[in-house]
Peer 1: 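Submitted below is the structure of interest, expressed as structure tokens.
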Amino acid sequence: MSQKSHQAGFVNIIGKPNVGKSTLMNILVGERVSIITSKAQTTRHRIVGLTNAPDYQIVFSDTPGMLKPQYELQKNMMNFVNISLEDADIILFVTDLFETAADIEHVIEKINNSGVPVLLVINKIDLAKPGQLDEVTNYWTSLIKAELVIPISAQEKFNTEKIMQEILDRLPEHPAYYDKEELSDRPERFFASEIIREKIFTNYKKEVPYSTEVSIEDFKEDATIIRMRANIYVERDSQKGIIIGDKGKMLKKVGIEARQELEAFFGKKVYLETFVKVEQDWRKNKLKLKKFGYDPS
């Protein structure tokens, strides 16, 4: 009897900001590995999540939302998108009922010339008006060379299992790329910083969350507890005051919410210290961006 073959490949999720890529990624991986908030452009890195079974491994990659970059951080974010087009075995192009191709025509051209199978995922169909889904489907299929259109509601987990089946139908034969026990290629510190950054996005308004970066300076784990120290970086002194809040109340709130999420994520008690520091105009400075890990090359 011949041994059953093993499938493995890279499935890269791309699309404009706030179309539900991170929500979909977390559903497909079965764990929370990407930030989810109602604000656009919360994903800054290319985040890999692994789905493993005895006879396959899917390497999912959530990428920052496609946009026209306005400053160095956004240029770095778009570099992650471009790299994801180069190493994909399958592309999940995620859009919704409301987005258009404005500002991403150049990326669509790259997708169409990539020779990679594309699954066009149309999200948020739970919000569709009569006839709207057909209109949106016709619009996107006229622009993207997709093998299949999959309408879904990631919020309601509707039709997402269809995506998994279509991926497995196209996944190449290959040994596993990563240890089957792993959830991601990212270290634990990365997920800790992302959880804290998520709480900043949910607690502050306007530009402040976008001007913030989180760095885990100390991470010590033993059998019962993880002790970590996090630096929250902002671009201006005025933002530092906003993050801390009156008598430290806002920073304390972020710390409590982050600790609760961290304990759920790591499955053990967490002791978290947070400090706020100013790193002037870090989003526009290449050297400072490299310090924070935004160097996709």
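The residues of the chain are indexed from 1 along the displayed sequence. Quick note: numbers below take in every heavy atom, side chains included, and nothing from hydrogens, waters or symmetry partners.
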Peer 1: When you compare the side chain of Thr51 with that of Met164, does any pair of heavy atoms fall below 4.5 Å?
Peer 2: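 Side chain of Met164 against side chain of Thr51, heavy atoms only: contact under 4.5 Å found.
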
Peer 1: How long is the straight-line distance from CD1 of Ile122 back to CD of Gln132, given to the nearest 0.5 Å?
Peer 2: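 Reported value, rounded in 0.5 Å steps: 10.5 Å.
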
Peer 1: Could you note down all residue pairs passing salt bridge (Lys or Arg N to Asp or Glu O under 4.0 Å) where residues 221-235 supplies at least one of them, sequence neighbours left out?
Peer 2: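 Applying salt bridge (Lys or Arg N to Asp or Glu O under 4.0 Å) to every pair that reaches into residues 221-235, excluding sequence neighbours, yields Glu221-Lys268, Asp222-Arg227, Glu235-Arg283.
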
Peer 1: What is the minimum heavy-atom distance between Asn112 and Leu143, and which atoms define it?
Peer 2: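 For Asn112 and Leu143, the tightest heavy-atom pair comes out as ND2-O, 2.9 Å.
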
Peer 1: Determine, step by step, whether Ser215 and Glu217 satisfy the side chain to side chain donor-acceptor pair (under 3.5 Å) criterion, reporting the C-alpha distance in whole Å, the side-chain angles of both residues, the deciding distance to 0.1 Å, and the verdict.
Peer 2: CA-CA 6 Å; Ser215 176; Glu217 301 298 319; 2.6 Å; yes

Peer 1: For residues 152-170, which residue pairs pass the salt bridge (Lys or Arg N to Asp or Glu O under 4.0 Å) check, not counting sequence neighbours?
Peer 2: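 Residue pairs with at least one partner in residues 152-170: Glu147-Arg170, Lys162-Glu166, Glu166-Arg170.
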
Peer 1: Ion pair present between Glu257 and Lys199, side-chain N to carboxylate O less than 4.0 angstrom?
Peer 2: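 Answer for the salt bridge query: no.
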
Peer 1: Can you check whether Leu50's main-chain N or O pairs, donor with acceptor, with Tyr178's side chain at less than 3.5 Å?
Peer 2: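 No; judged by distance alone, with no hydrogens or angles, the pair does not exist.
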
Peer 1: Taking all non-hydrogen atoms of both residues into account, name the closest pair between Val19 and Val94 and its distance.
Peer 2: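 Between these two residues, the closest heavy atoms are CG2-O, 3.4 Å.
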
Peer 1: Hey, mind stepping through Ile167 and Ile58 against side-chain contact (heavy atoms from CB on, under 4.5 Å) and telling me if it holds?
Peer 2: CA-CA 9 Å; Ile167 289 170; Ile58 306 173; 3.9 Å; yes

Peer 1: Going through the checks in order, is the side-chain contact (heavy atoms from CB on, under 4.5 Å) test met by Val116 and Ile111?
Peer 2: CA-CA 8 Å; Val116 177; Ile111 292 169; over 6 Å; no

Peer 1: Suppose we screen for salt bridge (Lys or Arg N to Asp or Glu O under 4.0 Å). Which residues come up paired with Asp89, at least two apart in sequence or across chains?
Peer 2: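 Per chain and number, Asp89 pairs via salt bridge (Lys or Arg N to Asp or Glu O under 4.0 Å) with no residue.
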
Peer 1: Would you say Ile195 ends up clustered with Phe275 if hydrophobic residues are merged whenever their side chains have heavy atoms under 4.5 Å apart, either directly or through other cluster members?
Peer 2: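 No; Ile195 is not reachable from Phe275 via cluster members.
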
Peer 1: Looking at side-chain heavy atoms only, is the closest gap between Ile13 and Ile91 below 4.5 Å?
Peer 2: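 Side chain of Ile13 against side chain of Ile91, heavy atoms only: no contact under 4.5 Å found.
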
Peer 1: Quick one: CD1 on Ile216 to CZ on Phe191, what's the gap to the nearest 0.5 Å?
Peer 2: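 It comes to 12.5 Å.
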
Peer 1: Filter on ring pair (Phe, Tyr, Trp, His ring centres under 6.0 Å), then keep only pairs touching residues 235-256, sequence neighbours left out; what's left?
Peer 2: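 Passing the test, one end in residues 235-256: no pairs.
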
Peer 1: Does any non-hydrogen side-chain atom of Tyr139 lie less than 4.5 Å from one of Thr100?
Peer 2: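 Yes, their side chains come closer than 4.5 Å.
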
Peer 1: To the closest 0.5 Å, what do you measure between OG (Ser153) and CG (Leu127)?
Peer 2: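 With rounding to 0.5 Å, OG (Ser153) is 7.0 Å from CG (Leu127).
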
Peer 1: Would you please indicate yes or no on a ring centroid separation below 6.0 angstrom for Phe10 and Tyr177?
Peer 2: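 Centroid separation for Tyr177 and Phe10: below 6.0 Å.
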
Peer 1: For residues Thr274 and Val254, determine if any side-chain heavy atom of one lies less than 4.5 Å from a side-chain heavy atom of the other.
Peer 2: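 Side-chain contact under 4.5 Å: no.
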
Peer 1: Does a side-chain heavy-atom distance below 4.5 Å link Met228 with Val270?
Peer 2: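 Contact flag for Met228/Val270 side chains = yes.
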
Peer 1: Below 4.5 Å, heavy atoms only, C-beta onward: do Lys220 and Asp218 meet side chain to side chain?
Peer 2: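 Sidechains of Asp218 and Lys220: in contact.
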
Peer 1: Measuring from Asp126:CG to Ile152:CD1, what's the distance to the nearest 0.5 Å?
Peer 2: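 Here the interatomic distance stands at 9.5 Å.
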
Peer 1: Could you work out, with ring pair (Phe, Tyr, Trp, His ring centres under 6.0 Å) as the rule, every residue matching Tyr56, not counting sequence neighbours?
Peer 2: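 Testing Tyr56 for ring pair (Phe, Tyr, Trp, His ring centres under 6.0 Å), a comparison that skips the adjacent residues, returns none.
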
Peer 1: Anything under 30° is parallel, anything over 60° is perpendicular, the rest tilted; go ahead and classify Trp140 against Phe93.
Peer 2: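 Correct class here is tilted.
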
Peer 1: Mind running side chain to side chain donor-acceptor pair (under 3.5 Å) on Asn12 and Asp87 for me, showing each step along the way?
Peer 2: CA-CA 8 Å; Asn12 298 342; Asp87 65 11; 2.9 Å; yes

Peer 1: Please confirm whether the backbone N or O of Ala154 pairs with a side-chain atom of Asn123, one donor and one acceptor, at under 3.5 Å?
Peer 2: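 Checked: pair present.
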
Peer 1: Quick one: does any side-chain atom of Lys16 pair with a main-chain N or O of Ala101 as donor and acceptor, under 3.5 Å?
Peer 2: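 Pair absent, no side-chain N/O of Lys16 close to backbone of Ala101.
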
Peer 1: Does Asn52 reach the main-chain N or O of Gln57 with its side chain, forming a donor-acceptor pair under 3.5 Å?
Peer 2: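 It does not hold such a pair.
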
Peer 1: Under 4.5 Å side-chain heavy-atom separation, chaining through any Ile, Leu, Val, Met, Phe, Trp or Tyr, what else clusters with Ile225? Say none if it is isolated.
Peer 2: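 Listed partners: Tyr271.
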
Peer 1: Where the side chain of Asn285 meets the backbone of Glu279, is there a donor-acceptor pair that is under 3.5 Å apart?
Peer 2: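 Flag not set: sc Asn285 to bb Glu279 has no pair under 3.5 Å.
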
Peer 1: Checking Glu263 now: which residues fulfil salt bridge (Lys or Arg N to Asp or Glu O under 4.0 Å) with it, not counting sequence neighbours?
Peer 2: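 Glu263 satisfies salt bridge (Lys or Arg N to Asp or Glu O under 4.0 Å) with Arg259 once adjacent residues are dropped.
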
Peer 1: Between atom CG of Asn26 and atom OG1 of Thr160, what is the distance when rounded to the nearest 0.5 Å?
Peer 2: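 So the CG of Asn26 and the OG1 of Thr160 are separated by 12.0 Å.
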
Peer 1: Walk me through whether Asn203 and Lys253 qualify under side-chain contact (heavy atoms from CB on, under 4.5 Å).
Peer 2: CA-CA 9 Å; Asn203 278 284; Lys253 184 173 186 287; 2.5 Å; yes

Peer 1: Ignoring hydrogens, what is the shortest heavy-atom contact between Ala8 and Ala176? Give both atom names and the distance.
Peer 2: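 Heavy atoms of Ala8 and Ala176 come nearest at CB-CA, 4.2 Å.
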
Peer 1: Can you check whether Val278 reaches Tyr233 side chain to side chain, under 4.5 Å on heavy atoms?
Peer 2: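 Counting from C-beta outward, Val278 and Tyr233 never come under 4.5 Å.
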
Peer 1: Might you point out which heavy atoms bring Ala230 and Ile196 nearest each other, and give the distance in Å?
Peer 2: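 Scanning both residues completely, I find the closest heavy atoms to be CB-CD1, 3.7 Å.
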
Peer 1: Side chain to side chain donor-acceptor pair (under 3.5 Å) with Gln239: which residues, sequence neighbours excluded?
Peer 2: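 For Gln239 the side chain to side chain donor-acceptor pair (under 3.5 Å) partners, ignoring immediate neighbours, are Ser211.
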
Peer 1: State, with a plain yes or no, whether a side-chain heavy atom of Leu148 is found less than 4.5 Å away from one of Leu120.
Peer 2: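 With C-beta onward as the side chain, the pair stays apart.
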
Peer 1: Please report the shortest heavy-atom distance between Leu97 and Val136, naming the atom on each side.
Peer 2: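 For Leu97 versus Val136, the nearest heavy atoms are O-CG2, 3.6 Å.
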
Peer 1: For the backbone of Lys240 and the side chain of Asp237, can you confirm whether one donor and one acceptor N or O come within less than 3.5 Å of each other?
Peer 2: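 Not a single qualifying donor-acceptor pair exists.
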
Peer 1: Considering residues at least two apart in sequence or located in another chain, which fulfil the side chain to side chain donor-acceptor pair (under 3.5 Å) criterion with Lys180?
Peer 2: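 His6.
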
Peer 1: Run the side-chain contact (heavy atoms from CB on, under 4.5 Å) test on Ile163 and Leu24 for me, step by step, so that the C-alpha distance in whole Å, both residues' side-chain angles and the decisive distance to 0.1 Å come before the verdict.
Peer 2: CA-CA 10 Å; Ile163 298 174; Leu24 179 60; 3.8 Å; yes

Peer 1: Could you tell me which non-hydrogen atom of Phe219 sits nearest to which non-hydrogen atom of Ile226, and how far apart they are?
Peer 2: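 Taking Phe219 first and Ile226 second, the nearest heavy atoms are CZ-CG2, 3.7 Å.
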
Peer 1: Could I get the full list of side chain to side chain donor-acceptor pair (under 3.5 Å) partners for Arg236, not counting sequence neighbours?
Peer 2: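 Arg236 satisfies side chain to side chain donor-acceptor pair (under 3.5 Å) with no residue once adjacent residues are dropped.
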
Peer 1: Which ILVMFWY residues can you reach from Ile256 by hopping between side chains whose heavy atoms are under 4.5 Å apart?
Peer 2: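 Members other than Ile256 - counting any ILVMFWY side chain reachable under 4.5 Å - there are none.
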
Peer 1: Using the side chain to side chain donor-acceptor pair (under 3.5 Å) criterion, which residues pair with Gln155? Sequence neighbours excluded.
Peer 2: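 Partners of Gln155 under the side chain to side chain donor-acceptor pair (under 3.5 Å) test: none.
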
Peer 1: Between atom CD1 of Ile242 and atom CG of Leu251, what is the distance when rounded to the nearest 0.5 Å?
Peer 2: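 Reported value, rounded in 0.5 Å steps: 13.5 Å.
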
